[in-house]
Amino acid sequence: MTIPAPEFLPTLDDVAADDLVVIGLRKHTEGPQIFSHALSESVSALLADAAVAIGAEGGMDSTWRVPAPAGLSAKGVVLVGMGEEAPTADTLRAVAGFAAQSVKKPERLVFALAHENATEHEAILEGAILGSYRTDKVTADKKDTTPRIALVGEPTEESVSRIVTQCEAVFTVRNLVTTPPNMLNPVSFVTEVEKLAKDTTLSVEILDEKELEKQGFGGITAVGKGSINPPRLMILRHQPADPSRHVALVGKGITFDSGGLSLKPPTAMVGMKYDMTGAAVMAATTIAAAQLGSPAAITTYLCLAENMPSGTASRPNDVITIKGGKTVEILNTDAEGRLVMADGLQAASALNPDLIVDAATLTGAARIALGERYAGLMGSTEATAQIQAAAAEAGELVWPMPLPPELRTILNSDVADIANVKPGEVLGGMLSAGQFLKDFVGTNDEGEDIPWAHLDIAGPAANSSGPYGYTPKGPTGAITRTLISLVMSGNTPGSKPAGQ
Ligand code: BES
Ligand code: MN
Ligand code: ZN
């Protein structure tokens, strides 16, 4: 995914006659206020009058198109609502994103929102680019409505290239997740990621179904064996000369989750192409980390399989052996994510990294608990604090969740080390899934648990309602920027995250 380079204008006098200028509109008890410091007082006053005349109040996630007033030689103005609260960098990112999402033609948008510092200016650029994403439809009638992005004022070259790279990573996730499951299976997922990794310094290793079985990846093998599309484990490695620390990333890559023999009902199956989002996020994060020269060494495991029912599929009551030797009794083949992740976590643990982070659309329970905007965050104190700091920096939403020990006990099996579910149990589904994964996180040389964070992204992976902020309807790419911030941060093993 290559994003066209954003353009920068020294002042608003440099707008072209066919540009659209994006100006903020803040809600206020005494009437809407124009939010831009690039405008003359007279132009500002005319725009405020126009806003009042059309009843534009300035609420978030709204835009109003008005003609360019006298004194502004543009094609038109997009007024974008900013809400009532004093805007933060996160507000500006969202507002710029919504403006970019709202345009229906491939016009140039010149963002002239007020900002107080470089961070806010960069947030505007990032939001504008994120909002310029357009879903690639499978259609004969291709219409491109992607706007071109321009800003008044220019952030540093370093920050522009960092922001563009981050946005490209988000777009990569959105594109991969959008791809229909008849066009994306474990084998073609690997091919796509190989293409993306080709021009980077990443090294790539791929285990096919024979190697997976031979090397003891029993979880990925068990989930993948019901499908005509065989499973894969893709390993990406970023190895700087003198790494600050070693981070292992593990992503759930179920390219379609039918439930397997524990088949999902029809309505629950719709949307299950999204079940590879964790792997897409981890792949895109790793590629961006390589492009940006992350100081950390990174090893990424993409656990890829298609969960299908058939004569060769795993059955409830099968006992399988995960990488490393622990056994699992499968009691529900629809709890397949934790099986493939168990293999990934064990392989990651064997490297004794300083930190393991996993991302998975693991449970419907995460959606019920947290809705569609927050990722559920579980794991060790040290690791989850680092994720929270990174999420705050990226302006993304994560929420800490407990791992209650009694939800591990319910997974005890009569015939294996652990069962993948307790049949019929509905309480704390996100947390018991987290407890299952915890069993497969190893210890370091000192016998201490390896710092580990688990992100259940079943909620924020996709947005089922309309566009808001910089987030489109459909696949969002959420959590990608958080993880890029994490792997780019200078945190060394044992150090406290920023602000702690
Ligand atoms: N991929 C699903 C989780 C999911 C559900 C993601 C809805 C996004 C939207 C996962 O593999 C699954 O099926 N989980 C089961 C677990 C259950 C069998 C214990 C679930 O959540 O119902
Ligand atoms: Mn499932
Ligand atoms: Zn699943």
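In each ligand, atom 1 is the first atom listed, and ligand 1 is the first ligand listed. Note that the structure is predicted; figures quoted are calculated from it, not measured.
Taking a cut-off of under 4.0 Å to the non-hydrogen atoms of Ala458, the atoms of ligand 1 that pass are 6 (C), 8 (C). Atoms of ligand 1 lying under 4.0 Å from at least one heavy atom of Arg367, given by number and element, are 7 (C), 8 (C), 9 (C). Close contacts of ligand 1 with Val421, meaning ligand atoms under 4.0 Å from a residue heavy atom, involve 19 (C). Within ligand 1, the atoms closer than 4.0 Å to a non-hydrogen atom of Thr361 are 1 (N), 2 (C), 3 (C), 6 (C), numbered from 1 in the order shown. Within ligand 1, the atoms closer than 4.0 Å to a non-hydrogen atom of Glu336 are 11 (O), numbered from 1 in the order shown. Those atoms of ligand 1 with a heavy atom of Lys264 less than 4.0 angstrom away are 12 (C), 13 (O).
Side-chain N or O atoms of Asn332 include none that pairs as donor or acceptor with a backbone N or O of Asn420 at under 3.5 Å.
Checked against the Zn ion (ligand 3), the N, O or S atom of Asp275 at the shortest distance is OD2. Nearest to the Mn ion (ligand 2), among the N, O or S atoms that Asp257 has, is OD2.
Residue Asn332 has no nitrogen or oxygen atom sitting less than 3.5 Å from a nitrogen or oxygen atom of ligand 1, judged on distance alone. Every N/O-N/O distance between Arg338 and ligand 1 stays at or above 3.5 Å. Considering both main-chain and side-chain atoms, Thr363 never comes within under 3.5 Å of ligand 1 through any nitrogen or oxygen pair.
The environment of Arg408 atom CZ is dense: over 12 non-hydrogen atoms of other residues, nucleotides or ligands sit within 6.0 angstrom. Within a 6.0 Å sphere centred on CD of Glu213, other residues, nucleotides and ligands contribute 12 heavy atoms or fewer. Within a 6.0 Å sphere centred on NZ of Lys143, other residues, nucleotides and ligands contribute 12 heavy atoms or fewer. For NZ of Lys326, the number of neighbouring non-hydrogen atoms (other residues, nucleotides, ligands) closer than 6.0 Å is greater than 12.
Annotation: cation-pi geometry satisfied between Lys323 and Phe217 (NZ/CZ under 6.0 angstrom from ring centroid, within 45° of ring axis). A cation-pi geometry, defined here as NZ or CZ lying under 6.0 Å from the six-membered ring centre and within 45° of its normal, holds between Arg481 and Tyr470.
The closest protein non-hydrogen atom to atom 15 (C) of ligand 1 is Asp334 O, 4.1 Å. Looking from atom 20 (C) of ligand 1 to the surrounding protein, the closest heavy atom is Gly364 N, 3.9 Å. For atom 2 (C) of ligand 1, the closest non-hydrogen atom of the protein is Asp257 OD2, 3.6 Å. Nearest protein neighbour of atom 7 (C) of ligand 1, counting heavy atoms only, is Met272 CE, 3.4 Å.
Comparing Leu362, Val340, Val223, Thr277 against atom 3 (C) of ligand 1, the shortest heavy-atom distance belongs to Leu362.
At a threshold of 2.8 Å, the Mn ion (ligand 2) has no backbone or side-chain N, O or S atom of Asp275 nearer than that distance.
For atom 17 (C) of ligand 1, the nearest protein heavy atom lies 4.0 Å or farther away. For atom 22 (O) of ligand 1, no protein heavy-atom neighbour is present inside the 4.0 Å cut-off.
With a 4.0 Å cut-off on non-hydrogen atoms, Lys422 does not touch ligand 1 at all. Neither the backbone nor the side chain of Asn307 has a heavy atom within less than 4.0 Å of ligand 1.
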* **Chi angles and distances behind the salt bridge (Lys or Arg N to Asp or Glu O under 4.0 Å) call for Asp334, Lys264** => CA-CA 8 Å; Asp334 197 12; Lys264 286 181 185 294; 2.9 Å; yes
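Considering Leu437, Leu455, Ile457 as possible partners of Leu362, the one that fulfils the side chain to side chain contact (heavy atoms under 4.5 Å, CB included) test is Leu437.
Computed with the Zn ion (ligand 3) at the centre, the Asp257 OD2 to Lys252 NZ angle is 170°, stated to 10 degrees. The angle Asp334:OD1 - the Mn ion (ligand 2) - Glu336:OE1 amounts to 120°, with values rounded to 10 degrees.
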